[in-house]
Amino acid sequence: MKKHQITFITLACVCLAFALPQIAKSDTNPICLQASIYNPTGQNGGNPKSPILIPSVSLDDHTLYFDTPCDGCTLNIVDGNNIVVYTLVIPTGTTSLVLPATLSGEYELQIIRGNYLFYGTIDLP
């Protein structure tokens with residue numbers, strides 16, 4: 001095999017490896033997350049010196065998929081009255097998480113990573 005054929009095959013395998021997770025979850029709905037500074041103590045801190053990397057998550061029914069790792073982050077589900085109805089620390093290596101079937105309606109999904117709060121609206125059937 002010529003060198004450029006090997007390179008093409010390698011490139012095709014790498015592209016397929018990155019595409020497979022997305023193909024498998026094509027029926028999920030991406031959640032548009034926004035970012036803000038999370039400072040529960042009220043103390044002033046410095047502004048971030050590098051861009052904030054917003055997690056990529058999606059939802060299918062009651063299953064939440066983490067397309068980017070959120071290991072050790074706090075996950076909150078907040079109702080319309082600003083009450084946390086579900087919370088947990090995301091275990092290391094988690095790629096998906098089933099939310100309680102008792103939750104239905106519109107909620108705010110919050111992911112807290114250090115001094116950052118990522119939040120977006122989810123609708124659970």
Side-chain angles (χ1 to χ4, degrees):
M1 222 182 259
K2 295 182 181 177
K3 186 174 182 174
H4 68 284
Q5 289 173 325
I6 293 172
T7 303
F8 175 75
I9 291 170
T10 303
L11 180 61
C13 290
V14 169
C15 290
L16 185 58
F18 283 108
L20 279 178
Q22 298 305 317
I23 293 168
K25 296 185 294 184
S26 63
D27 57 344
T28 63
N29 299 313
I31 301 169
C32 181
L33 295 178
Q34 299 179 41
S36 67
I37 300 295
Y38 177 73
N39 190 355
T41 62
Q43 296 177 352
N44 287 335
N47 289 332
K49 297 187 180 6
S50 61
I52 300 170
L53 300 175
I54 297 176
S56 175
V57 295
S58 56
L59 183 69
D60 178 29
D61 193 29
H62 278 76
T63 304
L64 188 63
Y65 294 95
F66 299 96
D67 301 320
T68 55
C70 292
D71 299 348
C73 296
T74 300
L75 171 80
N76 291 330
I77 304 294
V78 181
D79 69 10
N81 296 319
N82 223 16
I83 297 172
V84 176
V85 295
Y86 181 75
T87 187
L88 70 90
V89 174
I90 301 168
T92 301
T94 300
T95 57
S96 66
L97 179 71
V98 178
L99 299 174
T102 56
L103 298 176
S104 69
E106 189 173 285
Y107 295 94
E108 180 176 86
L109 172 87
Q110 297 178 346
I111 298 174
I112 301 168
R113 180 192 304 144
N115 291 329
Y116 299 108
L117 169 66
F118 305 100
Y119 60 95
T121 302
I122 59 172
D123 192 16
L124 298 172

Pairs under 3.5 angstrom only: tabulate donor-acceptor contacts from the side chains of residues 118-125 to other protein residues two or more places apart or in another chain.
from : atom 1 : to  : atom 2 : distance (Å)
Y119 : OH     : Q34 : OE1    : 3.3

So which heavy atom on [X] is nearest to which on [Y], and how close?
X	Y	value
R113	C73	CB-SG, 3.6 Å
C70	I90	O-CB, 3.5 Å
L109	I77	CD1-CD1, 3.6 Å
G114	Y38	O-CD2, 3.9 Å
G93	D71	N-OD1, 3.0 Å
T63	S96	CG2-CB, 4.1 Å

Could you grab the distance from atom [atom1] of [X] to atom [atom2] of [Y], nearest 0.5 Å is fine?
X	Y	atom1	atom2	value
Y107	I83	OH	CD1	11.0 Å
I37	I52	CD1	CD1	5.0 Å
E108	D79	CD	CG	10.5 Å
I31	S58	CD1	OG	7.0 Å

Side-chain heavy-atom pair L99, L75 within 4.5 angstrom cut-off: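 The answer is yes, as the side chains (C-beta and beyond) meet within the 4.5 Å cut-off.
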Could you see if [X] belongs to whatever hydrophobic cluster contains [Y]? Use Ile, Leu, Val, Met, Phe, Trp, Tyr and a side-chain cutoff under 4.5 Å.
X	Y	result
L97	I111	yes
I112	V89	no
F66	L88	yes

Partner of V57 under side-chain contact (heavy atoms from CB on, under 4.5 Å), chosen from L33, T28, D67: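 Answer after filtering L33, T28, D67: L33.
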Which residues share a side chain to side chain contact (heavy atoms under 4.5 Å, CB included) with P100, sequence neighbours left out: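 P100 satisfies side chain to side chain contact (heavy atoms under 4.5 Å, CB included) with Y86, T102, L103 only.
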